[in-house]
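A quick write-up on the structure given underneath.
All residue numbers in this chain count up from 1 along the given sequence. Any value given below was found using the heavy atoms of this structure, including those in side chains, with hydrogens, waters and symmetry copies removed.
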Amino acid sequence: MSTRPPLEIAVRASAVLGEGPTWDAAAQRLIWVDILSSRVHTYDPATGRRTTLGTEQHVGAAKPRAGGGLVVNLRDGIGTYGADGGFDWLRREAVPGRRGNDAAVAPDGSLWAGTMRYDEGAGGGTLSRIGADGSHTEFLPEVTVSNGIGWSPDGRLMYYIDTPTRRIDVFDVEDPDGPVVSTRRPFAEVEEGAGYPDGLCVDADGAVWVALWDGAAIRRYAPDGTLDRVVELPFPRPTACAFGGADLTDLYLTSARVGLGASAPPLAGSLLVIQGVGQGLAQPAFGG
């Protein structure tokens, strides 16, 4: 069950809090963020080309838009960058002591975006759905560290992590073309001492891959919630994972250096990739 497959450096970096890898199928590139450095990074594995976009606020996530550009989950709300680089607020809601965290695009093109308090105060965060038209629905009003979000291959299940619970939860999606989600229940639980679940992705088999903060590992849970694979890593704080590459068979991993000080391993903060580890799902772009 526990393996150490070849781990390659996609981008050697010293990200303070690298997060949110997302494969942009239209541009054939990987998008990821360094939250606390207020930067959005891109990486083209075919050419090695990299870009960096500085944001004016801490940026929890960045996802591609259907018409080009990016949607970003910032400290004070949701913003968009056009294909020309111009910025606009889609929804601005500044709450002192709170920032945007992980986000994901649902099969219907809506953005599900989480928030958290900087001090990680219990119940200080939220999970909301932002429609392509900018409409806003607060789905979970009292979470602590809103993190990984993903959908089953048929769109009928939504997975979600509130990190301190040590659980991956699952919801039924009653209408894949709309916001109706219900029946929250545990899908899998990370035992004490193994780290905390952070970002996740779902593969073509319906299995859930999750990064374990302070667990130095990525885990794969089968569709029935059974742990069936553990990928050991040479740094303690992997943050999220996503399938990418032309055939969606390469697993990209973000990582963090925050809190590690001088003891941070050399690869902490870099973007890593494990080639040929599974088969991912194409991710939709935000419709707005």
Applying the 4.5 Å side-chain criterion to the ILVMFWY set and letting contacts propagate, would [X] and [Y] be lumped into a single cluster?
| X | Y | value |
| --- | --- | --- |
| V16 | L267 | no |
| V33 | W213 | yes |
| V145 | I149 | no |
| F243 | L233 | yes |
| I218 | V208 | no |

For [X], does the [atom1] atom sit with more than 12 other heavy atoms under 6.0 Å from it, leaving out its own atoms?
| X | atom1 | value |
| --- | --- | --- |
| R39 | CZ | no |
| R50 | CZ | no |
| Q279 | CD | yes |
| R12 | CZ | no |

Determine whether a donor-acceptor pair (N or O, by modelled atom type, separation under 3.5 Å) exists between the side chain of [X] and the backbone of [Y].
| X | Y | answer |
| --- | --- | --- |
| D84 | G86 | yes |
| T47 | R49 | yes |
| S255 | S270 | yes |
| R117 | R98 | no |
| T115 | T126 | yes |

Give the ring-plane orientation class for W23 versus Y252, where under 30° counts as parallel, over 60° as perpendicular and anything between as tilted.
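Judged by the thresholds at 30° and 60°, the geometry between W23 and Y252 is parallel.
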Is it true that [Y] and [X] share a donor-acceptor pair across their side chains at a distance under 3.5 Å?
| X | Y | result |
| --- | --- | --- |
| D224 | T226 | yes |
| D162 | T165 | no |
| S146 | Y160 | yes |
| D44 | Q28 | no |
| E174 | S182 | yes |

Chi angles and distances behind the salt bridge (Lys or Arg N to Asp or Glu O under 4.0 Å) call for R129, D108
CA-CA 11 Å; R129 177 187 183 272; D108 68 349; 2.8 Å; yes
I would like to know whether D34 and R257 meet salt bridge (Lys or Arg N to Asp or Glu O under 4.0 Å); could you show each step before the answer?
CA-CA 11 Å; D34 184 351; R257 299 180 69 85; over 6 Å; no
Shortest non-hydrogen contact between I78 and V71, atoms and distance:
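I78 and V71 have their closest heavy atoms at CG2-CG2, 3.6 Å.
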Measuring from E8:CD to Q275:CD, what's the distance to the nearest 0.5 Å?
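So the gap between those two atoms works out to 4.0 Å.
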Taking only distance into account, with no hydrogens and no angle test, what donor-acceptor pairs under 3.5 Å do side-chain atoms of residues 195-202 form with protein atoms, sequence neighbours excluded?
unit_1 : atom_1 : unit_2 : atom_2 : d
Y196   : OH     : R166   : NH2    : 3.0
D198   : OD1    : N147   : ND2    : 3.2

Report the C-alpha separation of R185 and D169 in whole Å, then their side-chain angles, then the decisive distance to 0.1 Å, and conclude whether the salt bridge (Lys or Arg N to Asp or Glu O under 4.0 Å) test is met.
CA-CA 6 Å; R185 57 199 182 275; D169 288 342; over 6 Å; no
If you define the side chain from C-beta out and look only at heavy atoms, does anything of F171 sit under 4.5 Å from R156?
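No, their side chains stay 4.5 Å or more apart.
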For the pair W32 and Y43, evaluate ring-ring contact (aromatic ring centres under 6.0 Å, His included) and give the outcome as yes or no after the intermediate values.
CA-CA 8 Å; W32 59 290; Y43 167 66; 9.1 Å; no
